[in-house]
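See below for the structure under consideration.
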Amino acid sequence: MLNAISDKLSKWINRYLPDAFVIAVLMTLLVFILGYISTPKNPLDLIRSYGDGFWVYLAFTMQMVLLLMTGMVLASVPFIRKGLEALSARANTANKAYLLTFLISAAAYYINWGLAVVVGAIVAREVGKRNKQAHFPLLVACAYAPTALYTAGLSSSIGLTVATKGHFLEDTMGIIPTSETIFHSGTIIIFLALLITMPLFILLMAPKQNIIPYSPPAREKSNQEKSSEIEESTPAIYLEKTKVLGILIGLIGIIYVIVKFSNEKDLNLDIINMFFLSLGLLLHGSLWNYGEAFKEAAKSISPIILQFPFYAGIIAVLGSSGLAENIIQAMVSISNKETFAVFTYWTAGLVNMLAPSGGGQWALQGPLQIPAGLDLGVDPAIVAMSVGWGDAWTNLIQPFWALPILSIVGLHIRHIMGYCFLLCIWVGVVTTILLYFVY
């Protein structure tokens with residue numbers, strides 16, 4: 001029954017869902033309208049706040065871009081890529097294909113969501129090549145679905161932000177160590193519950209007919225072909241190709257991370273970025289190899305770089321118009337200490353649809369949610385993780401973060417959205433129940 005529903009839903013979405021950039025622009029216009037209705041004011045004021053907010057998150061955008069790109073570049077290290085291809089060969093049935101793709105991608109999302117994008121894409125593609133019984137759009141959905149788990153992982157944007165000295169809410173809530181957020185027992189329970197039940201739900205959605213197998217997209221020249229066009233007889237080319245420089249600078253970065261972590265005993269965005277950047281340099285060896293891998297990663301995330309400022313503008317309008325405050329206050333007004341985490345989760349899921357950035361969303365929600373939670377006696381760490389879970393939840397149906405993986409495998413968001421929509425319902429139910437009991 002579920003596979004029939006998912007099939008019909010996928011066909012409907014395939015017909016009506018536009019491109020992600022179109023959705024970003026439509027979301028912008030919607031927020032302008034709702035913002036004006038919410039708190040009637042001069043439309044020029046909203047336009048000014050939109051323009052001013054367009055560039056507010058440039059520093060955070062750069063952190064997020066580096067987090068994504070360094071993870072993608074690390075996954076393209078030859079021995080890592082070959083290992084993923086070897087694992088993919090084990091999926092000799094459709095069900096094994098879906099399960100393997102989901103679990104490998106989930107492990108990668110736990111480590112780094114930037115790494116997971118390319119790991120999931122590689123696994124889905126390699127499994128699809130070897131298994132024509134597997135429905136390729138569902139395989140790609142399996143690779144993307146663990147985005148719902150990322151907030152419990154080592155690259156959790158909110159969990160790392162509140163653990164970073166000098167974060168914007170430090171005066172209100174202090175510095176919250178990751179032992180109280182990412183590594184909290186409640187976070188681990190929710191993570192494991194979703195890790196177990198999501199793939200089972202996926203198997204129930206798997207189509208029995210009209211299977212669409214993997215079809216390779218048009219390819220550009222491989223890095224090897226590009227390499228053959230370069231003469232290697234000059235000192236300049238030697239410096240580009242030698243492994244000495246990449247290994248040395250990579251080791252320096254890793255030593256810095258070890259010293260920094262041993263002193264502070266906690267993770268933050270800067271530490272994670274430095275570690276993945278340095279490890280990538282070390283494993284790729286030459287600066288030329290790393291630079292080429294970085295160029296390839298840039299092609300996949302260009303839609304994110306394009307659209308991030310638009311969503312930053314949306315966040316600014318949400319804040320200046322009072323729309324976000326009205327949404328949050330409405331939820332707060334009907335919650336108590338026991339239900340605050342659940343209502344915060346639902347609010348975050350809704351706001352994420354309009355502003356799909358964990359850090360940007362925290363900048364919008366944190367100043368409102370934290371004081372309200374403190375008034376009710378709710379631990380700020382629980383508030384932060386509830387926002388994080390809500391952000392991750394509706395990532396499943398907000399196309400923004402799916403863009404890199406779709407670019408790599410050559411599909412459109414409409415090809416996977418039907419499956420992601422049903423998974424979003426399931427994740428919402430499971431997480432809502434657990435949030436009430438485990439935090």
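In this chain, numbering begins with 1 at the start of the sequence shown.
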Output yes when a side-chain donor or acceptor of Thr187 lies under 3.5 Å from a complementary backbone atom of Phe183, and no otherwise. no
Does atom NZ of Lys132 have more than 12 heavy-atom neighbours, drawn from other residues, nucleotides or ligands, at distances under 6.0 Å? yes
Taking atom types as modelled, find out whether Ser6 and Asn3 have a side-chain donor-acceptor pair closer than 3.5 angstrom. no
Given side chains that start at C-beta, do those of Ser320 and Asp45 come closer than 4.5 Å, heavy atoms only? no
Flag, side chain of Arg414 to backbone of Leu17, donor-acceptor distance under 3.5 Å: yes
Would you say the side-chain atoms of Arg130 pair up with the backbone N or O of Glu126, donor to acceptor, closer than 3.5 Å? yes
Residue Phe275 excluded, over 12 heavy atoms near CZ under 6.0 Å: no
Shortest non-hydrogen contact from Leu318 toward Ala355: CD1-CB, 4.3 Å
Would you mind reporting whether Ile104 and Leu84 have side-chain heavy atoms less than 4.5 Å apart? yes
Inter-residue atom distance Leu9.CG - Met205.CE, 0.5 Å rounding: 10.0 Å
Report yes if some heavy atom in the side chain of Phe400 is under 4.5 Å from a heavy atom in the side chain of Ile23; otherwise report no. no
All heavy atoms of Asn352 vs all of Gly390, minimum pair found to be CB-O, 4.4 Å
For Val383 and Gly373, the nearest pair of non-hydrogen atoms, with its separation, is CG2-CA, 4.4 Å
Is there a donor-acceptor pair closer than 3.5 Å between any side-chain N or O of Thr70 and the backbone N or O of Leu66? yes
Side chains of Asn112 and Ser155, donor plus acceptor under 3.5 Å: no
Could you check if a side-chain atom of Leu103 sits within less than 4.5 angstrom of a side-chain atom of Leu100, using non-hydrogen atoms only? no
As a test of understanding, state which of Asp375, Val332, Leu435 forms a side-chain contact (heavy atoms from CB on, under 4.5 Å) with Phe340. Val332
Look at the side chain of Ser156 and the backbone N and O of Thr151, then say whether any donor-acceptor pair between them is shorter than 3.5 Å. yes
Verify, without hydrogens or angle tests, whether Gln398 (side chain) and Met353 (backbone) share a donor-acceptor contact under 3.5 angstrom. yes
With the side chain counted from C-beta on, respond yes when Pro43 and Tyr36 share a heavy-atom pair under 4.5 Å apart, and no when they do not. yes
Taking Gly428's backbone N and O only, do any of them form a donor-acceptor pair with Thr431's side chain (distance below 3.5 Å, no angle check)? no
Mind checking whether Val31 and Leu46 have side chains closer than 4.5 Å, heavy atoms only? no
Can you tell me how far NZ of Lys8 sits from CD1 of Ile13, rounded to the nearest 0.5 angstrom? 14.5 Å
Regarding Ser157 and Tyr150, is there a side-chain donor-to-acceptor distance under 3.5 Å anywhere? yes
Between the side chains of Tyr311 and Gln361, does any donor sit under 3.5 Å from an acceptor? no
Stepwise side chain to side chain contact (heavy atoms under 4.5 Å, CB included) check, Met72 with Glu296: CA-CA 9 Å; Met72 293 176 71; Glu296 289 300 311; over 6 Å; no
Quick one about Asn131 and Asn92 (side-chain donor to acceptor, distance below 3.5 Å, no hydrogens or angles considered), yes or no? no
Would you call Ile413 and Asp19 a side-chain contact if the rule is heavy atoms closer than 4.5 Å? no
Quick check: do Ser105 and Val119 have side-chain heavy atoms less than 4.5 Å from each other? no
Keeping the roles fixed (side chain from Thr339, backbone from Val342), state whether a donor-acceptor pair exists under 3.5 Å. no
Nearest-0.5 Å distance that lies between atom CD1 in Ile314 and atom CD in Gln307: 9.5 Å
Between Ala143 and Tyr109, the two heavy atoms sitting closest are O-CE1, 3.6 Å
Would you confirm whether Trp393, through its side chain, and Val427, through its main-chain N or O, come within 3.5 Å as a donor-acceptor pair? no
Backbone N/O of Leu160 and side chain of Thr164: donor-acceptor pair under 3.5 Å: yes
Please confirm whether Tyr50 and Phe54 have ring centers closer than 6.0 angstrom. yes
From Tyr144 atom OH to Ile416 atom CD1, the distance as rounded to the nearest 0.5 Å: 7.0 Å
Answer yes or no: is there an ion pair linking Lys82 with Glu85, defined by an N-O contact shorter than 4.0 Å? no
Would you call the rings of His284 and Tyr290 parallel, tilted or perpendicular, where under 30° means parallel and over 60° means perpendicular? perpendicular
Is the CZ atom of Phe168 crowded by more than 12 outside heavy atoms at less than 6.0 Å? yes
Let me see the working for Leu283 and Phe79 under side chain to side chain contact (heavy atoms under 4.5 Å, CB included), right down to the final yes or no. CA-CA 9 Å; Leu283 296 180; Phe79 82 85; 4.1 Å; yes
Exercise: identify the closest heavy-atom pair between Ala91 and Val127: CB-CG1, 4.1 Å
Within the 3.5 Å criterion, strictly below it, is a donor on Trp389 or Thr344 matched to an acceptor on the partner's side chain? no
Value rounded to 0.5 Å, distance of CZ in Phe437 from CD1 in Ile190: 12.0 Å
For Thr172 and Leu374, what are the C-alpha separation, side-chain angles and deciding distance, and is it a side chain to side chain contact (heavy atoms under 4.5 Å, CB included)? CA-CA 9 Å; Thr172 304; Leu374 289 172; 4.1 Å; yes
Side chain to side chain contact (heavy atoms under 4.5 Å, CB included) between Gln365 and Thr347, worked out: CA-CA 9 Å; Gln365 281 193 255; Thr347 305; 3.7 Å; yes
Salt-bridge present (Asp7, Lys11; N to O < 4.0 Å): yes
From Tyr419, Tyr214, Tyr98, residue fulfilling side chain to side chain donor-acceptor pair (under 3.5 Å) relative to His135: Tyr419
I'd like to know whether the aromatic ring centres of His184 and Tyr439 sit less than 6.0 Å apart in this structure. yes
Does the side chain of Thr147 come under 3.5 Å of the side chain of Trp401 through a donor N or O and an acceptor N or O? no
Separation of Asn395 CG from Leu149 CG (nearest 0.5 Å): 11.0 Å
Of all heavy-atom pairs between Pro213 and Ile211, which one has the smallest distance, and what is that distance? CD-O, 3.4 Å
